[in-house]
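Accompanying notes for the structure given below.
Quick note: numbers below take in every heavy atom, side chains included, and nothing from hydrogens, waters or symmetry partners.
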Amino acid sequence: VSNAGVGMAGPLECQSLAAMQNLMDTNFFGLVRLVKEVLPDMKRRRGGHIVVISSIMGLQGIIFNDIYSASKFAVEGFCESLVVQALRFNVAISLVEPGPVMTEFETKLYEDAERADYSRTDPETAEIFTKLYLRNSKDVFTSLGQTPEDIAEHTLRVIEAARPPFRHQTNVAYTPMAALKHADPSGALITDAFYKLVFKYDAVLRLGLR
């Protein structure tokens, strides 16, 4: 089970390249290093199961989570490319894709975001992040967040499955979001929907979440 991860949220201009590289090294290359260690022996034994804790943000980018989403997209692409080869050797790969999870990891991430220096971005972007994104994120976690124990139960079910799924989403509230993306290959449908939720109907979004 690959579960190492660090988070990053905020305007792109405020993130250093060193911090981005550190995140990719943990979230993506940490997984790659683990797979390189275990896969050869699994192939020799012609049996094994690699379970990767990914994220719904590996399927759909979320505003102000550019680099974190990129790392999870990398995880998804890596596993999607590798799974066909692995199946030839009777090795399963499963991606567990949670939405928001209520942990100290997330609490610290948002506490740091509230104290951060946003002088390296324009005032409008800083205001969108601090006044809209952070406020909406608290409502999202309160209404849709899962506990670590819930994610562990989902992961256990994936591990024990007779035919392990390649992808397993833990939060049904995010199924429509994934469906919107696949419904319109041009990307216009989901981009427009998210834009309106964030900038036009944010009061309706918060009311619905509460």
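Put simply, CE on Met24 and OG1 on Thr26 are 10.5 Å apart, with the number rounded to the nearest 0.5 Å. Summarising the geometry, atom CD belonging to Gln21 is positioned 6.0 Å from atom CG belonging to Leu17; distances are rounded to the nearest 0.5 Å. Rounding to the nearest 0.5 Å gives a distance of 12.5 Å between NZ of Lys181 and CG of Leu189. Within the model, atoms OG of Ser16 and CG of Asn22 stand 9.0 Å from one another, a figure rounded to the nearest 0.5 Å. Once rounded to the nearest 0.5 Å, the distance linking CD of Glu127 with CG of Asp122 reads 10.5 Å. Here the straight-line distance linking atom CG of Leu197 with atom CG of Asn136 works out to 9.0 Å at 0.5 Å rounding.
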Exercise for review: Show your working on side chain to side chain contact (heavy atoms under 4.5 Å, CB included) between Leu180 and Phe194 and close with a plain yes or no.
Suggested key: CA-CA 11 Å; Leu180 270 182; Phe194 267 88; 5.8 Å; no

* Stepwise side chain to side chain contact (heavy atoms under 4.5 Å, CB included) test for Leu144 and Tyr174 -> CA-CA 9 Å; Leu144 301 179; Tyr174 285 85; 3.9 Å; yes

- Please walk me through it: do Gln15 and Asp66 pass side chain to side chain contact (heavy atoms under 4.5 Å, CB included)? CA-CA 10 Å; Gln15 315 295 345; Asp66 323 272; over 6 Å; no

Task: Lys43 and Gln85: CA distance, side-chain angles, deciding distance, side chain to side chain contact (heavy atoms under 4.5 Å, CB included) verdict - done: CA-CA 10 Å; Lys43 288 165 78 173; Gln85 178 203 147; 2.8 Å; yes

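Heavy-atom minimum distance, Gly7 versus Tyr68: CA-CD1, 3.9 Å. Of all non-hydrogen atoms in Arg46 and Asn90, the two that sit nearest each other are O-ND2, 3.2 Å. For Met102 against Pro148, the heavy-atom pair with the smallest separation is O-CD, 3.5 Å. Listed here is the closest heavy atom pair of Met8 and Leu23: CB-CD1, 3.5 Å. Closest heavy-atom contact between Phe28 and Val75: CD1-N, 3.9 Å. Closest heavy-atom contact between Ser71 and Asn27: OG-ND2, 3.1 Å.
A donor-acceptor pair under 3.5 Å is formed between the side chain of Ser94 and the backbone N or O of Pro165. Under a 3.5 Å cut-off, the side chain of Thr175 and the backbone N or O of Val172 do form a donor-acceptor pair. Under a 3.5 Å cut-off, the side chain of Asn65 and the backbone N or O of Met57 do not form any donor-acceptor pair. Of the possible polar contacts, one joining the Asp184 side chain to the Ala188 backbone as a donor-acceptor pair under 3.5 Å is found. Ser81 contributes a side-chain N or O that, together with a main-chain N or O of Gly77, makes up a donor-acceptor pair within less than 3.5 Å.
Taking the charged nitrogens against the carboxylate oxygens, Arg167 and Glu76 do have a contact shorter than 4.0 Å, which makes a salt bridge. Ionic pairing of Asp192 and Lys200 is not present here: no N-O contact between side-chain nitrogen and carboxylate oxygen is shorter than 4.0 angstrom.
Hydrophobic clustering (ILVMFWY, side-chain heavy atoms < 4.5 Å, transitive): Ile159 and Ile50 are in distinct clusters. Taking hydrophobic clusters as Ile, Leu, Val, Met, Phe, Trp and Tyr residues chained together by side-chain heavy-atom distances below 4.5 Å, Val83 does not share a cluster with Ile53. Side-chain heavy atoms closer than 4.5 Å link hydrophobic residues (I, L, V, M, F, W, Y) into clusters, and following such links, possibly through other members, connects Val52 to Leu87. Cluster annotation: Leu95 and Leu39 are assigned to the same hydrophobic cluster (Ile/Leu/Val/Met/Phe/Trp/Tyr, side-chain heavy-atom contacts under 4.5 Å, transitive). Hydrophobic clustering of Ile, Leu, Val, Met, Phe, Trp and Tyr side chains at less than 4.5 Å, counting indirect connections, unites Tyr195 with Ile63.
Using a 4.5 Å heavy-atom threshold, the side chains of Val51 and Thr155 count as touching. The closest side-chain heavy-atom distance from Gln60 to Ile56 is not below 4.5 Å. A 4.5 Å side-chain heavy-atom check between Leu59 and Lys72 finds every atom pair outside the cut-off. In this structure the side chain of Val198 never reaches within 4.5 angstrom of the side chain of Tyr133, judged on heavy atoms.
Side-chain atoms of Thr147 and Asp150 include no donor-acceptor pair closer than 3.5 Å. Under 3.5 Å, the side chains of Gln146 and Thr170 contain a donor-acceptor pair of N or O atoms.
The environment of CZ in Phe73 is crowded: more than 12 heavy-atom neighbours from other residues, nucleotides or ligands sit within 6.0 Å. In the displayed structure, Phe166 atom CZ is contacted under 6.0 Å by more than 12 heavy atoms of other residues, nucleotides or ligands.
Between Phe129 and Phe64, the ring planes are perpendicular. Angles over 60° get that label, and only those under 30° would be called parallel.
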